[in-house]
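Quick caveat, the model's predicted, so the values are computed rather than measured. Counting starts at 1 for both ligands and their atoms, following the listed order. Residue numbers run from 1 in the order of the sequence given.
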Amino acid sequence: VKAITVALAPCAARSYEIHIGRDLLDTVAAQLAGRRWAARWFVVTDSNVAPLHLERVLARVDAEAVVLPAGEKHKTIDTAVALASSLLARGADRTSGILAVGGGVVGDVAGFVASIFMRGIPCVQLPTTLLAQVDSSVGGKTGVDVPAAKNILGTFHQPCAVFSDLAFLATLPAREWTNGFAEIVKYGAIADPGLLPIMAARSDDLRAGDQQLLGEVIGRSCRIKQQIVERDEREGGLRRILNFGHTVGHAVEAESGFSVSHGEAVSMGMVCAAALSARLGHLGAAHREELVDVLRRVGLPVRIPASLAVSGILERLGKDKKKAGTTIHFVLLKAPGQPFVAGDVPGELVREVIEDARS
Ligand SMILES: NC(=O)c1ccc[n+]([C@@H]2O[C@H](COP(=O)([O-])OP(=O)(O)OC[C@H]3O[C@@H](n4cnc5c(N)ncnc54)[C@H](O)[C@@H]3O)[C@@H](O)[C@H]2O)c1
């Protein structure tokens, strides 16, 4: 018997920086030129972001652009195949790299294609939504949806760098701000309770583009995600706490045919997770109410629309990717900043909590 070690590059070789600031495009250009992650770059963006920002990006960064149709409904394997074909037609090869300029959909699809195009090419993330800047651009999860469920086909492919340029946020529609707020409140709930009063009091300042405040909340959010991903890159355990609110959230989002947005659904999911935590005797009533109050104050819905059938939501919960065998894992709270994963939540209680949360 022989033991053969496949010694892969140590983690440090895959370390990367998250840059957060205003007008970072010159920094992006300098880093692409200096770091030589790839010989040739392709900007991948979507049909909403392109008219708003593509010219500005291409004026500073030496790259060609591929524009994908915008929206979650296009986060599919067909879009990924079309992107790969388009890259190929333009002469992309193993020395090329992808610059994902967009929200979480662009980041996930572009990252997915980067991870499999010619067995993997580099990807740099330039997130343009608040949600992508605080969450999806960091951590290397990529993927596309299938009709029955979200993010079912995917890979882990860490970016070479993330540049969160606050200038992109100037064109963000109101609903997309609220979507991003849901993930920031999530970080407050699971790891940094100090974010909760900031969000409760200052969401209007964030929407108005207060640069200093944006830098602070995006930075604090990214630091939490960085610390969790460093300790559990492939979601063996700890990383699961990032799914706080996402178990019910994903089911609601899918059951609504995506008319309920990701952030709105996660907000409803956090309300349910907090209610489950309280009903199981882990979370005090005051903490539960504080969380619901913050969600309400930032403009997120805290009730599940009555038009969505409880049975449909429960059925989708059963298909959740986070389930292991027959138990669905819920991330619950003991207090703000003290999450834990519970694998033994009774189905009947889940039903009751979802029924209670419907308006
Ligand atoms: N990979 C991860 O770890 C991870 C984490 C969280 C969420 N996600 C995924 O991210 C997706 C949600 O991300 P999202 O909310 O950014 O969605 P999105 O990419 O669909 O962007 C939301 C909308 O805003 C538009 N847009 C983007 N930037 C804009 C700008 N600067 N100005 C004006 N409009 C702009 C987009 O075209 C789109 O219409 C979901 O598919 C979710 O599964 C992935």
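- Heavy-atom separations between His53 and ligand 1 include at least one value shorter than 4.0 Å.
- Taking each of Glu253, Arg239, Glu176 in turn, the one with a heavy atom nearest to atom 22 (C) of ligand 1 proves to be Glu176.
- Looking only at protein heavy atoms, the nearest one to atom 4 (C) of ligand 1 is Ser136 CB, 3.2 Å.
- When only non-hydrogen protein atoms are considered, atom 18 (P) of ligand 1 lies nearest to Val105 CG2, 3.8 Å.
- For Phe340 and His282, the ring centers are positioned less than 6.0 Å apart.
- Under 4.0 angstrom from ligand 1, there are no non-hydrogen atoms of Thr142.
- A salt bridge does not link Lys73 to Asp145: none of the charged side-chain nitrogens sits closer than 4.0 Å to a carboxylate oxygen.
- A salt bridge does not link Lys141 to Glu233: none of the charged nitrogens lies less than 4.0 Å from a carboxylate oxygen.
- Nearest to atom 6 (C) of ligand 1 among the protein's heavy atoms is Asp135 OD2, 3.4 Å.
- At a heavy-atom cutoff of 4.0 Å, ligand 1 is contacted by both the backbone and the side chain of Thr128.
- Using a 4.0 Å heavy-atom cutoff, Asn151 is listed among the residues neighbouring ligand 1.
- Nearest non-hydrogen protein atom to atom 40 (C) of ligand 1 is Glu72 OE1, 3.2 Å.
- Under the 30°/60° scheme for interplanar angles, the aromatic rings of His53 and Phe168 are found to stand perpendicular.
- At a heavy-atom distance under 4.0 Å, only side-chain atoms of Lys75, from C-beta outward, approach ligand 1.
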